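Notes to accompany the following structure.
Indexing begins at 1, ligand by ligand and atom by atom, following the structure's order. All values derive from a computational prediction rather than experimental measurement.
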Amino acid sequence: MTISTFDHDVLVVGAGLSGLRVAIELSEKFDVAIVTKVHPLRSHSVSAQGGINASLGEDDSWEAHAFDTVKGSDYLADQDVVEILAKEAPRAVIENECWGTAFSRTDDGKIAQRPFGGAAFPRTCYAADRTGHNLLHTTFEQTLRKGIKFYNEWYVTSLVKSKNRICGLTALEIATGEVHGFTAKAVVLATGGFGRVYGHSTNALINTGDGCALALRVGAPLKDMEFVQFHPTCLFGSSILITEGARGEGGYLVNANGERFMDKYAPEKMELAPRDIVARAIRTEVLEGRGFENEYVHLDLRHLRKEKILERLPGIREICINFAGVDPIDEPIPVQPAQHYSMGGVHTDCFGVTPVKGLFAVGETSCMSVHGANRLGGNSLLETLVFGRIVGKKAGEYTESVEQPDSSYVGQQTFEMRERLQKLLLHEGGNSPVDIRETMGQTMDVLVGVYRKSDALEAALKMIRELKKRFENVSVGRSDEKFNYALVRTLELENMLELAEVITMGALMRRESRGAHWRLDYPERDDTNFLKHSLFTKVEDYIRTELIDVNLGKFEVKERTY
Ligand SMILES: Cc1cc2nc3c(=O)[nH]c(=O)nc-3n(C[C@H](O)[C@H](O)[C@H](O)COP(=O)(O)OP(=O)(O)OC[C@H]3O[C@@H](n4cnc5c(N)ncnc54)[C@H](O)[C@@H]3O)c2cc1C
């Protein structure tokens with residue numbers, strides 16, 4: 001049996017900001033190709049609203065940025081990685097500006113910066129409330145200029161490893177239903193977050209954590225998976241994000257008694273405390289009976305007045321009108337917390353190197369760890385650009401040092417993947433992937449959410465394992481080969497179930513409260529036992545869990561108050 005494969009030096013999986021930035025770095029010297037399950041401009045990076053952090057202000061400094069990030073992380077971030085992020089931030093922003101991103105301006109023509117949660121200075125550069133849209137389009141233009149090869153709407157189904165080294169991948173061409181093999185010296189995972197493991201999420205439907213599941217299956221560990229960010233202000237009903245920029249511009253959070261309740265939780269920072277604190281405050285207000293309809297609170301922008309809302313938050317106004325029938329110029333916005341960001345991901349060092357030779361990870365899919373237990377707003381877009389460049393360089397060095405692998409392993413695995421998908425498509429009368437997905441989302445929302453406790457987590461783990469069993473007898477429901485999105489959704493579900501289990505295992509294991517992970521039965525931070533990263537490795541059929549040291553540095557571990 002011979003199956004021809006596509007050959008490249010390096011493959012990048014994902015065409016969000018991090019994947020594009022990696023590919024740009026590699027394109028000077030190497031034959032690099034990007035494989036992406038949606039058109040690059042539909043990657044979730046496009047929907048980033050509020051902005052990107054860089055210490056451009058006269059009184060600001062990289063040290064202040066680094067300190068805010070480490071404190072925001074509840075001291076779990078690796079301080080050496082944070083230092084790189086903060087030092088490289090101005091360069092990343094200016095580079096993108098030079099490429100053409102139209103940042104909003106101050107009256108004297110400088111890049112405008114707004115205050116964001118947990119930051120000591122207005123440090124968040126923005127393009128109105130469509131920052132990700134601007135950055136992604138600009139960066140995409142650069143990939144076109146460089147002539148980088150794209151495989152658009154190809155779904156990566158597995159990584160190929162032989163002799164302890166990654167040598168390629170298999171991918172489903174969605175338009176034709178064909179499975180193809182790719183041979184390469186290195187693979188960079190840039191597949192974004194896994195928000196859709198939860199039912200209520202601000203993430204795009206495509207954010208299913210494929211990269212984490214692919215990595216886990218070839219023996220690369222995942223790290224800190226229990227740290228899931230819940231954004232405090234998501235539109236009630238649809239969970240569409242209302243950017244932190246709305247509070248950065250001066251918005252108030254108000255409960256059903258008309259009180260600006262943040263003074264109880266973060267008297268100094270008020271609405272601009274970090275997200276974990278504001279999300280818990282809103283949940284507490286609602287649980288204690290001070291919410292509207294026992295569900296949500298109000299985000300009030302009316303005092304900002306029409307002109308400012310139209311200039312700085314035009315996209316938010318549109319979202320509120322279209323999806324909630326509320327015009328924030330005249331009425332407060334109903335908001336509640338929902339899943340937003342994955343702090344955990346594929347375990348790497350600060351160069352994106354995983355423990356599996358030839359495999360790299362970057363962006364939201366990786367865990368370097370720069371966000372620790374809680375990410376600050378504006379640091380994630382920054383991470384994609386800063387580390388996209390660095391990981392691209394490192395993957396290039398590795399590529400130069402190794403031979404092109406033998407494509408026969410890729411051919412063999414491609415053949416097996418074809419057989420597997422054929423079988424899956426033809427299997428009738430089994431369980432519905434839609435039902436399994438809905439139950440998974442509800443389980444994670446209710447039992448592994450903002451507030452956690454052991455009996456709920458145990459119930460969640462039992463349910464997820466039961467769903468994994470049900471998945472063994474799943475029927476896609478459609479057997480046609482061309483554009484079979486039901487098949488893609490089913491493969492994504494398989495990945496998400498794997499991650500739901502790991503997240504819940506991590507949440508159960510971590511018997512403390514730190515950052516976004518809050519245990520009602522262990523409400524204190526426990527630095528003696530848990531100032532550690534959690535690591536999850538698949539060993540045959542079970543997940544091995546261990547704790548590893550955090551890279552501490554000049555910022556002393558302290559109590560975290562705002
Ligand atoms: C609504 C919203 C607003 C946000 N606002 C901000 C903000 O203002 N500031 C900030 O700093 N951060 C923000 N974030 C977070 C930030 O946008 C993301 O963390 C970041 O853009 C992720 O970029 P990425 O390149 O890692 O992944 P993404 O942009 O998510 O791209 C993932 C890519 O992987 C590809 N992919 C995935 N699986 C497969 C597969 N199996 N096969 C092939 N391709 C695959 C997809 O096609 C896609 O191209 C926001 C997030 C959301 C959801």
Quick one: which ligand 1 atoms are inside 4.0 Å of a heavy atom on [X]?
X: V38; answer: 47 (O)
X: G378; answer: 9 (N), 10 (C), 11 (O)
X: V35; answer: 43 (C), 44 (N)
X: Y341; answer: 19 (O)
X: S43; answer: 29 (O), 31 (O), 48 (C), 49 (O)
X: A15; answer: 33 (C), 48 (C), 49 (O)
X: G14; answer: 33 (C), 34 (O), 35 (C), 49 (O)
X: Y155; answer: 41 (N), 42 (N)

Review point. Counting heavy atoms not belonging to R42, are there more than 12 under 6.0 Å from its CZ?
Key: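 No, the 6.0 Å shell around CZ holds no more than 12 heavy atoms from other groups.
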
Exercise for review: Answer yes or no: does atom CZ of R418 have more than 12 heavy-atom neighbours from other residues, nucleotides or ligands under 6.0 Å?
Suggested key: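 More than 12 heavy atoms, drawn from other residues, nucleotides or ligands, come within 6.0 Å of this atom.
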
Exercise for review: Could you tell me the separation between the CD1 atom of I24 and the CD atom of E95, rounded to the nearest 0.5 Å?
Suggested key: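 Between atom CD1 of I24 and atom CD of E95 there are 7.5 Å.
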
Tell me whether [X] reaches ligand 1 (any heavy atom closer than 4.0 angstrom to a ligand atom).
X: A190; answer: yes
X: W154; answer: yes
X: T131; answer: no
X: G132; answer: no
X: H371; answer: no

Review point. Looking only at heavy atoms, is any part of I52 under 4.0 Å from ligand 1, and if so is it the side chain, the backbone, or both, or is it neither?
Key: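 Neither; nothing of I52 gets under 4.0 Å from ligand 1.
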
Review point. Taking heavy atoms and a distance under 4.0 Å, where does R375 meet ligand 1: side chain, backbone, both or neither?
Key: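 Side chain only.
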
For [atom], closest protein heavy-atom neighbour:
atom: atom 25 (O) of ligand 1; value: S18 OG, 2.6 Å
atom: atom 10 (C) of ligand 1; value: L381 CG, 3.3 Å
atom: atom 30 (O) of ligand 1; value: H44 CB, 3.4 Å
atom: atom 23 (O) of ligand 1; value: S45 OG, 3.1 Å
atom: atom 8 (O) of ligand 1; value: G50 N, 2.8 Å
atom: atom 44 (N) of ligand 1; value: K37 N, 3.0 Å
atom: atom 27 (O) of ligand 1; value: G192 CA, 3.3 Å
atom: atom 17 (O) of ligand 1; value: A48 CB, 3.5 Å

Is [X] reaching over with its side chain to a backbone N or O of [Y], donor-acceptor style, under 3.5 angstrom?
X: T36; Y: H39; value: no
X: E364; Y: G192; value: no
X: N53; Y: G377; value: yes
X: N484; Y: R478; value: yes

Point to revise | Steps toward ring-ring contact (aromatic ring centres under 6.0 Å, His included) verdict (H371, Y341) | key: CA-CA 11 Å; H371 310 298; Y341 185 81; 5.4 Å; yes

Any idea which of [options] brings a heavy atom closest to [atom]?
atom: atom 38 (N) of ligand 1; options: T139, D210, L136, T202; value: D210
atom: atom 50 (C) of ligand 1; options: H231, Q49, H340; value: H340
atom: atom 1 (C) of ligand 1; options: V156, V488, N495, L241; value: L241
atom: atom 9 (N) of ligand 1; options: G51, S380, S158, G16; value: G51

Review point. With respect to E97, which candidate in K110, R91, R105 satisfies the salt bridge (charged side-chain N to carboxylate O under 4.0 Å, His left out) definition?
Key: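 Exactly one candidate clears the test, R105.
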
For [X], is at least one N or O under 3.5 Å away from an N or O on ligand 1?
X: T384; answer: no
X: T36; answer: yes
X: L382; answer: no

Practice item. Quick one: sort the H8 and F182 rings into parallel, tilted or perpendicular, breaks at 30° and 60°. Key: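 Correct class here is parallel.
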
Practice item. Look at the aromatic rings of H133 and H137 and report parallel, tilted or perpendicular, splitting at 30° and 60°. Key: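 If you compare the ring of H133 with that of H137, the planes turn out parallel.
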
Review point. Sequence neighbours excluded, which residues qualify as salt bridge (Lys or Arg N to Asp or Glu O under 4.0 Å) partners of E419?
Key: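 E419 satisfies salt bridge (Lys or Arg N to Asp or Glu O under 4.0 Å) with no other residue.
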
Check your understanding: Between F140 and F150, does the ring centre distance come in under 6.0 Å?
Key ->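 When the ring centroids of F140 and F150 are compared, they turn out to be within the sub-6.0 Å range.
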
**Study point:** Any H65 side-chain heavy atom under 4.5 Å of L382 side chain
**Key:**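 Yes, their side chains come closer than 4.5 Å.
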
Review point. Can you find a heavy atom in the side chain of N203 that is under 4.5 Å from one in the side chain of Y198?
Key: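 When only atoms from C-beta onward are counted, Y198 and N203 do not touch, as no gap falls below 4.5 Å.
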
Check your understanding: Between T101 and N134, which heavy-atom pair has the shortest distance, and what is it?
Key ->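 Residues T101 and N134, closest heavy atoms: OG1-O, 3.7 Å.
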
Exercise for review: Salt-bridge test for R196 and E492: reply yes if a basic N is under 4.0 Å from a carboxylate O, no otherwise.
Suggested key: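 So R196 does not pair with E492 through a salt bridge.
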
